[in-house]
Participant: 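One structure coming up, written as structure tokens, with questions to follow.
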Amino acid sequence: MVLYRYRAAFLRIYFAEFFRDAKFLKSLGITFWLACSQFVSLALALIVASLLNARRVRGEKMFKVLYFIPYICSSVAIAVMWSIIFEHQGVLNQLLGTDYNWLNDAERPYLLTWAIFIVILWPAPGYGIIMYTAALKGIDMGLYEAAELDGANEFHKFRNITLPMVAPMTYFLMLAGIMAGLGTFDQATILAPISWTGTAGPEDAGLTVQYYIYYEMTEFGNMGYASVMQWAMTLITLIPCTTIMKLRKRAEENIG
């Protein structure tokens with residue numbers, strides 16, 4: 001009974017701390033912004049897959065392999081590669097003719113967030129391209145032929161046939177992308193290592209929720225508070241995931 005009371009008291013303290021934690025809210029906002037890279041990835045994947053499917057491209061299989069290679073590479077290796085590119089005297093500044101300190105600019109901390117965004121986005125479309133290509137090949141060509149007889153142009157065919165027919169695949173990829181985006185960790189830890197001041201880059205611009213949970217758990221041994229944040233993140237993740245699953249089921253019913 002005494003142990004139960006102690007546990008309840010600690011939970012009240014942790015939850016009270018959680019609702020007052022501005023750092024968690026900031027990390028949550030950064031995490032949601034980085035998760036938006038998955039939507040950009042979906043758009044790029046659909047465009048590339050549509051182009052490969054609509055036209056006879058020489059070396060189509062080679063292009064698919066090239067697009068897919070970054071996806072199967074280690075996220076840590078990719079982050080290390082991009083950290084070298086983003087260095088103050090790195091390749092990116094030399095190509096753009098700029099003098100930005102992408103990973104540690106106190107005046108422009110948002111550059112770090114954008115750098116992580118790019119690192120997440122670069123390998124992401126590969127998987128979507130392969131999946132969309134398979135989905136596009138499964139569409140009945142008779143639908144396009146009937147649309148052409150009715151005078152539909154390429155845009156109308158894409159909007160009224162292609163998008164609805166690949167909607168279940170789109171929702172599946174969106175679900176996987178959101179879960180991956182909200183769980184962003186590797187890229188943030190490489191590009192924004194926690195400094196001696198306890199911040200992940202200037203003004204915590206590289207602090208994601210999972211990074212914050214890990215830091216609380218390992219550096220401070222605050223397992224209780226880390227657990228509370230993880231439970232909160234689980235509930236937050238369930239909201240978009242449940243919605244997308246319902247939309248995917250409705251899209252499948254519309255096709256059927």
Participant: Please say whether more than 12 non-hydrogen atoms of neighbouring residues, nucleotides or ligands are located less than 6.0 Å from OH in Y214.
Facilitator: no
Participant: For I161 versus A147, what's the shortest heavy-atom pair and its separation?
Facilitator: CD1-CB, 3.7 Å
Participant: Counting N and O atoms only, with roles assigned by atom type, does the side chain of Q94 sit under 3.5 Å from a partner on the main chain of Q89, one being a donor and the other an acceptor?
Facilitator: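 Checking the backbone N and O of Q89 against the side chain of Q94, a donor-acceptor pair under 3.5 Å is found.
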Participant: For L111, which of D105, L103, N101 qualifies under side-chain contact (heavy atoms from CB on, under 4.5 Å)?
Facilitator: D105
Participant: Is there a donor-acceptor contact under 3.5 Å from the side chain of T113 to the main chain of A205?
Facilitator: yes
Participant: Does any N or O in the side chain of N93 come within less than 3.5 Å of the main-chain N or O of Y100, such that one atom is a donor and the other an acceptor?
Facilitator: yes
Participant: Pairs under 3.5 angstrom only: tabulate donor-acceptor contacts from the side chains of residues 116-141 to other protein residues two or more places apart or in another chain.
Facilitator:
| residue | atom | partner | partner atom | Å |
| --- | --- | --- | --- | --- |
| Y132 | OH | T170 | OG1 | 2.7 |
| T133 | OG1 | I129 | O | 2.6 |
| D140 | OD1 | G142 | N | 3.0 |

Participant: Between the side chains of E252 and K249, is the shortest nitrogen-to-carboxylate-oxygen separation below 4.0 Å, so that they form an ion pair?
Facilitator: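 No, K249 and E252 are not salt-bridged.
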Participant: What orientation do F24 and Y212 show, parallel under 30°, tilted 30 to 60°, or perpendicular over 60°?
Facilitator: tilted
Participant: I'd like to know if the side chain of D150 and the backbone of A152 have a donor-acceptor N/O pair within less than 3.5 Å.
Facilitator: no
Participant: Please confirm whether the backbone N or O of H156 pairs with a side-chain atom of N160, one donor and one acceptor, at under 3.5 Å?
Facilitator: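 Looks like yes, one N/O pair under 3.5 Å.
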Participant: Within a 6.0 Å radius of atom CE on M179, are there more than 12 heavy atoms belonging to other residues, nucleotides or ligands?
Facilitator: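 No, the 6.0 Å shell around CE holds no more than 12 heavy atoms from other groups.
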Participant: Looking only at atom types and distance, does a side-chain atom of K26 sit under 3.5 Å from a main-chain N or O of E203, one as donor and one as acceptor?
Facilitator: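 Judged by distance alone, yes, a pair lies under 3.5 Å.
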